[in-house]
Amino acid sequence: MSSKRHSVLKKLVHFKTSKFWRNPKFWRRFALAALLGFLLATGGTAFWVASLDVSKLESPLAQPTFIYDQKGNKVFQLSSSRIEPVSIDKVPLKMREAIVAVEDRRFYEHQGVDAWSILRALAHDLKSGDFSEGGSTITQQLAKNLFLPTDKTIGRKFQEAAYAFKIELTLNKDQILEAYLNHIYFGEGRWGIQNAARFYFGKNVQGLSLEEAAMLAALPKAPSIYSPVKNKDKALERRNLVLSLMKEQNYISEPEYLKAKAQPINLHKGPEGELSGKYAPYVDYVIEEAISRYGFTEDQILGSGLQIYTQLDQTVQKAAEDVYQDKRFFPPGKPDQIVQSGIAIIDQHTGGIRGLVGYRGESIFREFNHATQLKRQPGSTFKPLSVYGPALEKGYTPYSILYDGPLNLNGYQPVNWDYQTRGYVTMQEAFQNSWNIPAVWLLNEIGLDTGMGFARRTGIPLSKEDRTLSLALGGLSTGVSPLQMAQAYSSFANLGVMNKAYAITKITTFEGSVLIQAKPETVKVTDPGTAYTMTLLLKNVVDNGTGKNAALDRPTAGKTGSVELPHIKEFAGIAKGVKDVWFVGYTPELTAAVWMGYDNTDREHYLTISGGTGPAVVFREVLSRALSNHPVVPFKIPSEYRLNPGKTYPPYSDFFNSWINRGETDELPSKGKGKKR
């Protein structure tokens, strides 16, 4: 019966379907609907494109943007006047051809969007999900630089295409190329082809040779990577690629190609401009924050007459820059690679970033910022955030007894840096000497969820991959930046309340209309008693432990950290070597984090110092200079600072409680005053 029903139903469906598809009315209606949909979509898109405002192209050079410090003093000018415009007829033909050859070979054929290139790029982006593939024409790049934010989304790519169509309807090809060459960034703080020609080759754009034109055309793709100032080998390789593309596209002959390719890169740098000068590292971050946090475009920041008020303290910033320019405070490095470093200094009471240096070496505009963009494992500086802070919250005290012996937790076997064990130690001893086994054991005791929860409250982003006991030793899957670590430690320095770090206070128009007003964000990380107890532990590290080199002539608290080389074949046989070293600490006035390491660590490039040497010394030097005119004050003792008698504490709590109640809170007592166990 069932089979018979199925057969009838099948015939009925086949009949109706066949009749349905053969009906001429269906196709007429379908065609009409499709045509109507196409016309509506086309008309809507055309109306949208027509409504886009590209009038900025008519007067691209606006009033300069000024940056102010925390006291309202004007400290830096980001002026569009450094874009010295040149008309297209003054740009040598070979310069124009070089740019077209490497950036957009079909520039003179498409109408703003190269359909094949963008479809290929979108297919890659949809597959990868990161929307980072190329495919943008010169017109699209001009649209992106002038009118769009820097987010990498499919929506922005469609906007970019729409603006490109509008630009092509407004300007001819020579005008578009002229605008592009006058606005594109060529590295080393140089915008525009004229400024680039003067900076790199000491001449006006009219005098560029073929090989010089190819060198400049090589830069826009990745100015910091292909900079002939920083890396002549990569710059030469990229320049020669441009020359080969010019030959391939018949812009130059084979003899011209061979002659230009044989030429070395001869730089004749012009005078340094404002962007390589005073407070450039801080200005780099201000621009970064304005773009990432508030959605401004780089072009808006550089030429819209904005007034940007910041938390910059000139004394702090100058102290940091002076130290970072002094080679005495850093390891010697290698001829092909210096030891890099980054420092972030914030006011824990407000979250204001008072000073910041993101790199060593020549000051290059918007260089990679090791203070804010770095992602490295923090080593033992993470112990207060993942282990000891949450343990104090759960009732442990500096004199609680922790295990320090052979440990195997589901295959994870931590060792101390000195390869010794002591059986049982107090929390204070383990903390002071940065021993690893007690920290891992304690994290296992309080639970991974407890440790991760505390660290997250301090603003450290953690993923499910971080849910391992190596969290106790800073073994993070992604890593952190000095700014993130300074912000996290500021919660201890500010009695348990973290003020999120920020540089920009407000942004106004040239006339004074407020566009952006920062809204301070606070997070309660822990209670004042826990935070102050952590301060005492960290102060003891500086007074008596691994952080002695960070000691100032005022109360100082902090923690050292070193990250060992990966356990891989490349580093086999290296007995004493580390990848990254850290110091994170604070005084009653400021909190700072210092990182040191190589950009590319390998068997020839690794550190032989510790967090208690290099970074601790830099911390001391910077803060001693920054605070030289500040009176010495103690850490604030919270009025709530009393251990809760209702809690059950681990060993030594009775002694510790009586010690606190006597009011002896300036120093932790020595181990000898406590009970023996």
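Being a predicted model, the structure only gives us computed values, none of them experimental.
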With ring pair (Phe, Tyr, Trp, His ring centres under 6.0 Å) as the test, would you mind laying out the steps for Tyr68 and Tyr309 before giving the verdict?
-> CA-CA 5 Å; Tyr68 299 81; Tyr309 295 83; 4.3 Å; yes

Ignoring hydrogens and geometry, is there a side-chain-to-backbone donor-acceptor pair from [X] to [Y] under 3.5 Å?
X      : Y      : answer
Thr526 : Ala531 : no
Ser490 : Ala493 : no
Asp347 : Gly352 : no
Asn416 : Gln420 : yes
Asn436 : Val415 : yes
Asn444 : Val440 : no
Glu289 : Ala503 : yes
Arg620 : Lys548 : no

When rounded to the nearest 0.5 angstrom, what is the spacing between [atom1] in [X] and [atom2] in [Y]?
X      : Y      : atom1 : atom2 : answer
Trp417 : Trp435 : CH2   : CH2   : 8.0 Å
His370 : Gln340 : NE2   : CD    : 4.0 Å
Thr587 : Lys539 : OG1   : NZ    : 12.5 Å
Thr613 : Leu607 : OG1   : CG    : 9.0 Å
Ile574 : Thr608 : CD1   : OG1   : 11.0 Å
Glu521 : Asn499 : CD    : CG    : 10.0 Å

Test applied, side chain to side chain contact (heavy atoms under 4.5 Å, CB included); reference residue, Phe382; option that passes from Val584, Leu473, Leu476 =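 Exactly one candidate clears the test, Leu476.
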
I'd like to know whether [atom1] of [X] has more than 12 heavy-atom contacts from other residues, nucleotides or ligands below 6.0 angstrom.
X      : atom1 : value
Lys375 : NZ    : yes
Lys334 : NZ    : yes
Gln337 : CD    : yes
Asn408 : CG    : yes
Asp418 : CG    : yes

Answer yes if the side chains of [X] and [Y] hold a donor-acceptor pair under 3.5 Å, and no otherwise.
X      : Y      : value
Ser610 : Ser562 : no
Lys234 : Ser227 : no
Ser341 : Tyr324 : yes
Thr310 : Gln70  : no
Gln314 : Asp69  : yes
Gln311 : Arg354 : yes
Thr546 : Thr560 : yes
Asp284 : Asn369 : no

For the student: nearest non-hydrogen atoms of Pro378 and Val480, plus distance |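 The answer is CB-CG2, 3.8 Å.
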
Of all heavy-atom pairs between Ala488 and Leu385, which one has the smallest distance, and what is that distance?
->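 The answer is CB-CD1, 3.7 Å.
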
Between His605 and Val339, does a side chain to side chain contact (heavy atoms under 4.5 Å, CB included) hold up when you go through it step by step?
-> CA-CA 9 Å; His605 304 88; Val339 174; over 6 Å; no

Where do Glu589 and Arg554 land on the salt bridge (charged side-chain N to carboxylate O under 4.0 Å, His left out) test, with the steps shown first?
-> CA-CA 10 Å; Glu589 301 84 7; Arg554 63 186 65 239; 3.4 Å; yes

Would Arg293 and Glu288 pass as an ion pair if we require N to O under 4.0 Å?
->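 Between Glu288 and Arg293 there is no salt bridge, as every charged N stays at least 4.0 Å from the carboxylate O atoms.
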
Between Arg328 and Asp326, is the closest basic N to carboxylate O distance under 4.0 Å?
-> yes

Please walk me through it: do Gln484 and Ile460 pass side chain to side chain contact (heavy atoms under 4.5 Å, CB included)?
-> CA-CA 7 Å; Gln484 287 175 313; Ile460 302 296; 4.2 Å; yes

Please confirm whether Arg190 makes a cation-pi placement over Tyr200, using NZ or CZ under 6.0 Å from the six-membered ring centre and within 45° of the ring normal.
-> no

Distance under 6.0 Å and angle within 45° of ring axis: Arg238 vs Tyr226 = yes

Would you please indicate yes or no on a ring centroid separation below 6.0 angstrom for Tyr532 and Phe492?
-> no

Decide if the gap between the ring center of Phe619 and the ring center of Phe583 is smaller than 6.0 angstrom.
->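 Ring centroids of Phe619 and Phe583 are less than 6.0 Å from each other.
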
Only counting residues at least two apart or in another chain, list the ones meeting side chain to side chain donor-acceptor pair (under 3.5 Å) with Ser491.
-> none

With sequence neighbours left out, the residues meeting side chain to side chain donor-acceptor pair (under 3.5 Å) with Glu564 are His567

Residues forming a side-chain contact (heavy atoms from CB on, under 4.5 Å) with Ala501, sequence neighbours excluded | Ile346, Ile353, Leu483, Gln487

Identify, with sequence neighbours excluded, every residue that meets salt bridge (charged side-chain N to carboxylate O under 4.0 Å, His left out) alongside Arg457.
-> Glu393

With sequence neighbours excluded, give me every side chain to side chain donor-acceptor pair (under 3.5 Å) pair touching residues 570-584.
-> Arg376-Asp580, Asp580-Trp595

Tell me the salt bridge (Lys or Arg N to Asp or Glu O under 4.0 Å) pairs involving residues 460-476, sequence neighbours left out?
->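 Only Asp449-Arg467 qualify under salt bridge (Lys or Arg N to Asp or Glu O under 4.0 Å).
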
With side chain to side chain contact (heavy atoms under 4.5 Å, CB included) as the test, would you mind laying out the steps for Gln348 and Tyr489 before giving the verdict?
-> CA-CA 9 Å; Gln348 58 260 27; Tyr489 269 58; over 6 Å; no

Carefully, step by step, assess Leu267 and Lys232 under the rule side chain to side chain contact (heavy atoms under 4.5 Å, CB included).
-> CA-CA 10 Å; Leu267 300 179; Lys232 278 199 174 182; 4.2 Å; yes

